[in-house]
Amino acid sequence: MIEARHLRVLRAVAATGSFSAAGRELGCTQPAVSQQMKALESSVGTPLLVRSGREMRLTQAGEALVRHAVGILSGLTAAEEEVAAIAGLRAGRVRLVSFPSGSSTLVPTALAALRAAHPGTRVSLEEAEPPRSVELLREGDCDIALAFRYERAGGGGTGETGGEAGQAGQGGEGEWDDLVVRPLLTDRLVALVPERHRLARTGASGALAIGDLAGEPWIAGCPRCRGQLVQVCENAGFTPRIDFATDDYPAVVGLVGAGLGVAVLPQLAIESVRPRGARAVTLEPAVRREIVALTLPDLAQVPAVSATLDQLARAAARVGQSRPARVG
């Protein structure tokens with residue numbers, strides 16, 4: 001195998017015409033140059049230099065190898081510089097996948113801070129909810145996935161809109177054992193009611209049970225979310241009357257604000273939209289979801305990925321500090 005350090009010595013000998021001059025150029029001794037040239041000739045299996053008086057002359061094989069060495073060493077230098085730039089966060093790329101409410105709350109703050117600290121690092125963003133976002137990570141189609149799971153079985157799901165309160169979680173214990181899990185934030189579900197609703201002020205003195213909303217018209221999410229909402233409400237002793245369904249949580253907020261019904265949303269989703277005409281009220285018993293950033297073990301060692309994880313954690317900490325002890 002030809003080593004780059006041997007090629008550098010050969011190029012110096014060819015340029016200077018002697019071992020001693022090459023040694024002076026490279027900052028090493030004449031015997032060291034001679035030893036490395038012997039090692040190179042042993043590697044390629046043929047003489048590369050012949051002595052002619054006090055100078056060295058390249059053989060045909062030596063001339064061919066010097067000719068290729070120029071391109072090899074220049075390419076290696078360029079590669080070393082690029083890797084050093086990435087390692088020093090002067091360059092780099094991170095592919096981030098996030099669920100919608102994370103994209104509108106945590107991601108902007110984190111990426112703005114990352115760009116300010118490391119302007120050479122580029123981040124691309126794609127939206128996908130778990131489990132699809134986790135699949136993209138495992139398939140090599142992203143470097144970081146923002147995901148969530150609920151703290152107790154049967155307490156959450158894969159949707160971002162109004163039926164999350166009762167969906168099955170994204171998996172059981174050990175579902176992410178092959179990944180690096182960076183905890184970011186604990187997010188709880190809250191009820192969303194019209195501002196003039198009889199229960200709108202409940203949060204000031206207590207909390208709502210989902211059964212308190214029996215008989216109300218509901219705004220639900222996708223068909224899958226809607227089925228789970230029905231299940232949770234039936235467990236509380238009533239069947240919800242679903243008047244509207246939408247996959248878009250700003251639309252859910254708008255419909256509630258217009259007085260057309262009630263909904264249940266994650267607190268993070270509500271924080272990403274100004275709920276005009278609607279009021280968020282604490283639900284008891286609490287249903288919480290753990291929001292995390294996921295990456296692969298090898299990717300966690302990449303400086304740009306590590307820096308992005310750090311900024312996501314800082315953004316989540318700021319969100320947590322800004323939240324009141326109780327909504328409503």
For side-chain contact (heavy atoms from CB on, under 4.5 Å), just list the numbers for Ile291 and Thr186, CA-CA rounded to whole Å, side-chain angles, deciding distance to a tenth of an Å, and then say yes or no. CA-CA 6 Å; Ile291 296 174; Thr186 298; over 6 Å; no

Using the rule given for side-chain contact (heavy atoms from CB on, under 4.5 Å), can you reason through Arg95 versus Glu126, listing the C-alpha separation, both sets of side-chain angles and the distance that settles it, and then say yes or no? CA-CA 8 Å; Arg95 297 167 300 166; Glu126 180 181 343; over 6 Å; no

Val190 vs Val281, test: side-chain contact (heavy atoms from CB on, under 4.5 Å). Steps then yes/no. CA-CA 6 Å; Val190 296; Val281 182; over 6 Å; no

Quick one: do Thr282 and Leu208 satisfy side-chain contact (heavy atoms from CB on, under 4.5 Å)? Show the steps, please. CA-CA 6 Å; Thr282 301; Leu208 282 178; over 6 Å; no

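For Arg318, the CZ atom is densely surrounded, since the number of other residues' heavy atoms within 6.0 Å is greater than 12. Heavy atoms of other residues, nucleotides or ligands lying less than 6.0 angstrom from CG of Asp178 number more than 12. In the displayed structure, Gln60 atom CD is contacted under 6.0 Å by at most 12 heavy atoms of other residues, nucleotides or ligands. In this structure, Arg138 places its CZ atom where more than 12 heavy-atom neighbours from other residues, nucleotides or ligands lie under 6.0 Å away. Taking a 6.0 Å sphere around CD of Glu63, one finds it holds more than 12 heavy atoms contributed by other residues, nucleotides or ligands.
What you find for Val180 and Pro297 is that their closest heavy atoms are CG2-CA, 3.6 Å. Pairing each heavy atom of Ser133 with each of Leu146, the nearest pair is OG-O, 3.8 Å. Scanning both residues, Ala214 and Phe238, for their nearest heavy atoms gives CB-CG, 3.4 Å. Across every non-hydrogen atom of Phe99 and Pro130, the tightest pair is CB-CD, 4.4 Å. A pairwise comparison of heavy atoms in Val252 and Ala263 identifies CG1-CB, 3.6 Å as the closest pair. Considering every non-hydrogen atom in both Arg289 and Pro266, the closest pair reads NH2-CB, 3.4 Å.
Note on Leu268 and Ile144: same hydrophobic cluster, where clusters join Ile, Leu, Val, Met, Phe, Trp and Tyr whose side-chain heavy atoms are under 4.5 Å apart, directly or indirectly. Taking hydrophobic clusters as Ile, Leu, Val, Met, Phe, Trp and Tyr residues chained together by side-chain heavy-atom distances below 4.5 Å, Val33 shares a cluster with Leu65. No continuous path of ILVMFWY side-chain contacts below 4.5 Å connects Val70 to Leu10, so the two sit in separate hydrophobic clusters. Grouping the Ile, Leu, Val, Met, Phe, Trp and Tyr side chains by contacts below 4.5 angstrom, directly or via other members, places Val253 with Ile219. Under the 4.5 Å side-chain heavy-atom criterion for ILVMFWY residues, no single connected hydrophobic cluster contains both Leu76 and Leu26.
In this structure, Asp143 and Leu96 have side chains that are not in contact, with every pair of non-hydrogen atoms separated by 4.5 Å or more. Counting heavy atoms from C-beta outward, Leu294 and Trp176 have side chains that approach closer than 4.5 Å. Side-chain contact between Leu199 and Asp212 is present, with heavy atoms from C-beta onward closer than 4.5 Å. You'll find the side chain of Leu48 reaches within 4.5 Å of the side chain of Val44, heavy atoms only. At least one side-chain heavy atom of Glu216 sits under 4.5 Å from a side-chain heavy atom of His197. Between Ile242 and Val230, the closest side-chain pair of non-hydrogen atoms falls below 4.5 Å. Inter-residue side-chain proximity for Pro217 and Val262 is flagged as unmet; no heavy-atom pair is nearer than 4.5 Å. Looking at Val319 and Leu184, their side chains never come closer than 4.5 Å, going by heavy atoms from C-beta outward.
Between Glu81 and Arg90 there is no salt bridge, since none of the side-chain N atoms of the basic residue sits less than 4.0 Å from a carboxylate O of the acidic one. A salt bridge links Glu290 with Arg149: the closest approach of a Lys/Arg side-chain nitrogen to an acidic carboxylate oxygen falls below 4.0 angstrom. For Arg8 and Glu25, the salt-bridge test fails: no basic side-chain N is under 4.0 Å from an acidic carboxylate O. Note on Glu135 versus Arg132: salt bridge recorded, some NZ/NE/NH1/NH2 to OD/OE distance being below 4.0 Å.
We find the OG1-CG distance between Thr295 and Leu179 to be 8.0 Å, quoted to the nearest 0.5 Å. Note: Met1 CE to Ser43 OG = 9.5 Å, rounded to the nearest 0.5 Å. A distance of 9.0 Å separates CD in Glu80 from CG in Leu73, rounded to the nearest 0.5 Å. Put simply, SG on Cys28 and CZ on Arg5 are 11.0 Å apart, with the number rounded to the nearest 0.5 Å. Remark: Leu89 CG to Thr121 OG1 distance equals 5.0 Å, nearest 0.5 Å. Rounding to the nearest 0.5 Å places SG of Cys142 at 5.5 Å from CG of Leu136.
Checked options Val13, Ile2, Leu49, Val9; the residue passing with Leu40 is Ile2 (criterion: side-chain contact (heavy atoms from CB on, under 4.5 Å)).
In this structure, a donor-acceptor pair under 3.5 Å is present between the side chains of Glu127 and Ser103.
At distances below 3.5 Å, at least one donor-acceptor pair connects side-chain atoms of Arg279 with backbone N or O atoms of Ala200. With hydrogens and angles disregarded, a donor-acceptor distance shorter than 3.5 Å links the side chain of Ser104 to the backbone of Ser101. With hydrogens and angles ignored, the 3.5 Å screen pairs no side-chain donor or acceptor of Ser34 with any backbone N or O of Gln30.
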